[in-house]
Amino acid sequence: MKENLAANVTINTGNARKPMTLWLKILIGMVLGVITGIILGDSTEMIRPIGTLFINIIRMLIVPLVFCSLIVGITSMKDASKMSRVGIKSIVIYLLTTAVAISIGLALATIFQPGGSLNLSVSLINEVKPTTSIVDALLGMFPTNPIAALATGNILQIIVFAIFLGISLIHIDESKARPVIAAFEGFAEAMYKMTEFVMKFAPYGVYALMAWVAGQYGLDVLMPLINVIVLVYIGCIIHILFIGGGLVGLIGKLNPKCFYKGIFAAQIMAFTTTSTSGTLPVSMKCASENLGVSKSISSFVLPMGATINMDGTALYQGVLVLFIAQAYGIDLSLLDYSTIILTATLASIGTAGIPGAGLIMLSLVLASVGLPLEGIAIVAGIDRILDMARTTVNVTGDLMVSVLIGKSERELDINIYNQ
Ligand code: ASP
C-alpha cells in the first residue's frame, strides 16, 4: 500500500530515544529558518543551496510518481467498470465535486489575495510558460510522442497518456495486463518510498529556504501564511456545508443534520490522523451503522473514494497555487486557471489518502502552469494544519457520495439514517 509520508522518525537525544513526527520537524525547520533569516539577513544566501537541493529532488519525483500512481489508480478502477452503473456514477460525482472544490479554492484566493502582500522574486523565470490559445492548449494535451512528454516533464501530456494506458490495460486480456500492472504497482510503491526518503530531508530544505526568504523579506512572510490557513479553513467549511450536506439535501432529499451527526466520528478521525485511508474503517462503520448505507455499497464506494476522491486536497491546491502565484507576482491567464482545475482534478486520482500527499501533488499542479516550486518550501511548515482540514473534507466527500449512491440504488435504510 501507499506508504505513510509522515512516518515517525526517531531522533536520538542522549540516552532517551524520542520519536518526533516528520510534520513537527518540518514546522520546527520553518520556525528556525525564519529566526535564522531575521538574524542573518542577506547572508542566508549561503545556505540557500540546501533548499535548492530539496526542490531539485522533489522535481526528480514528479514525473515517475505521477505516471505510475495514475496508472495504478486507473487500473484499480477496473472493478468500478465491472459494477458499471454504481462505479461510473461514483466516479462522475467524485470528479465533478473535486472540480467544484478546486474552483472554490481558486475563487477564495482570487477574492482575498492571500499572497498579494508578498513580493518574492522568481529565480526560475524560465519556468513561466508563454500563454497559448485554448484550442492549441487542448490539442497540446495529447502527446504526439509520449516519451518526449515524459522526458520534458509535460505534466498534462503525461496525465493524458497515463489515462490512455491505464484504460487500455483494463481492456486487454487479464493474463497479459497483470504483469504490466504489477510492474507499475511495484514502481509506484518504490516511488512512494522514494518520496518518503525525500520528505525526510524536508525539514532541512524548508529550514534553508525559509531562512533565505525571511532573510530577504523579514517577518512580512508570516502574515500571508496565517491568511492561507484561514482561507483554506473557510473553503473547507463552505465545501462541507454546501457540497457535503448541500448535495445530500438537494439531490438525496435527506436531512443534512443526520448526515453530519452520522459522520462526525469519521471527521474527527480524519482531522486528527490526516489520512483518508487510515480513517477508512471508521468511515465504513459510520456509513453502515449511522447512515444506513448498505455494506455492498459502502465497501465499494468508500475505498474507491479514499483512492480517487480528494475534494479537500483539490480545494487546498486551488488556494495554494494562487497564493504562490501572487507571492511571486506572476499573473495567471484564464487558460492557466483551466489547466489548474484539470490537472488538480486528474491528479487527485493519483493522490494517496495519506498524510502530506497533497503537498507533493501541489508540486505537480505548480509545474503544470510553470510556477516556481520554491513556493512549496514556504508553505510546507504549515502543511499539517492544512492537511487536517483537507482530509476532513476528503472523508466527508466520500461519505456524501456513499449516501447519494446508496439512496439512488435503494440501498439506504432511511430509518437508520434518520435515527
Ligand atoms: N492527507 C490527505 C488524505 O489522506 C491527502 C493530502 O495530503 O491531501 O486525504
Side-chain angles (χ1 to χ4, degrees), residues 1-7 21-24 26-27 58 61-62 65-66 69-70 73 94 97-98 101-102 104-105 188 191-192 195-196 198-199 202 228-229 231-233 235-236 239-240 243-244 263 266-284 286 301-321 323 340 343-366 376 379-402:
M1 275 313 289
K2 295 169 177 180
E3 291 287 338
N4 188 340
L5 298 186
T21 48
L22 181 59
W23 67 266
L24 192 59
I26 297 178
L27 187 63
I58 285 195
L61 297 173
I62 299 178
L65 182 69
V66 170
S69 59
L70 252 184
Y94 281 149
T97 50
T98 303
I102 185 163
I104 295 176
M191 291 313 301
Y192 298 136
T195 308
E196 206 183 306
V198 168
M199 287 312 283
V228 165
I229 297 176
L231 266 195
V232 169
Y233 272 72
C236 287
H239 197 276
I240 289 176
I243 305 300
I263 64 168
Q267 285 186 318
I268 294 290
M269 182 78 179
F271 191 76
T272 45
T273 62
T274 66
S275 167
T276 310
S277 301
T279 307
L280 202 50
V282 184
S283 307
M284 308 266 271
C286 288
V301 173
L302 291 175
M304 182 163 80
T307 317
I308 67 167
N309 185 43
M310 300 281 159
D311 293 357
T313 305
L315 191 150
Y316 143 93
Q317 283 173 345
V319 174
L320 275 271
V321 167
F323 167 72
I340 293 168
T343 322
T345 305
L346 296 177
S348 70
I349 299 174
T351 307
I354 54 171
L359 187 69
I360 299 293
M361 282 301 169
L362 180 63
S363 61
L364 163 85
V365 183
L366 289 176
I376 290 187
V379 294
I382 54 166
D383 192 61
R384 177 72 179 196
I385 302 168
L386 303 178
D387 203 358
M388 291 160 80
R390 63 184 192 243
T391 309
T392 308
V393 175
N394 290 345
V395 167
T396 307
D398 296 346
L399 283 159
M400 179 267 288
V401 175
S402 78

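Ligands are counted one by one from 1 in listed order, and the atoms in each one are counted from 1 as well.
For the atom pair Leu386 CG and Thr274 OG1, the distance stands at 11.5 Å (nearest 0.5 Å). Once rounded to the nearest 0.5 Å, the distance linking CG of Leu359 with CG of Asp387 reads 9.0 Å. Note that CD1 of Ile263 and CE of Met269 are 15.0 Å apart. Values are rounded to the nearest 0.5 Å. Taking CG of Leu399 as the reference point, atom CG of Asn394 lies at 11.5 Å (rounded to 0.5 Å). For the atom pair Leu364 CG and Ile360 CD1, the distance stands at 10.5 Å (nearest 0.5 Å).
Close approach of ligand 1 to Ser275 (heavy-atom distance below 4.0 Å) involves ligand atoms 4 (O). Near Asn394, meaning under 4.0 Å from one of its heavy atoms, ligand 1 places the atoms 2 (C), 3 (C), 9 (O).
Between Thr351 and ligand 1, no N or O atom pair is found at a separation short of 3.5 Å. Annotation: Ser277 places no N or O atom under 3.5 Å from an N or O atom of ligand 1; distance criterion only. Of the N or O atoms in Leu359, none lie within a sub-3.5 Å distance of an N or O in ligand 1.
Contacts between Ile354 and ligand 1, counted as non-hydrogen atom pairs separated by less than 4.0 Å, involve the backbone only. Contacts with ligand 1 closer than 4.0 Å are made by backbone heavy atoms (N, CA, C, O) of Thr274 only, the side chain lying farther away. Within the 4.0 Å heavy-atom criterion, the part of Met310 lying near ligand 1 is the side chain and not the backbone.
Judged by distance alone, with hydrogens and angles left aside, the side-chain atoms of Ser275 form a donor-acceptor pair with the main-chain N or O of Gly353 at under 3.5 Å.
When hydrogens are left out, the protein atom nearest atom 2 (C) of ligand 1 is Thr391 OG1, 3.3 Å; that is the closest non-hydrogen contact.
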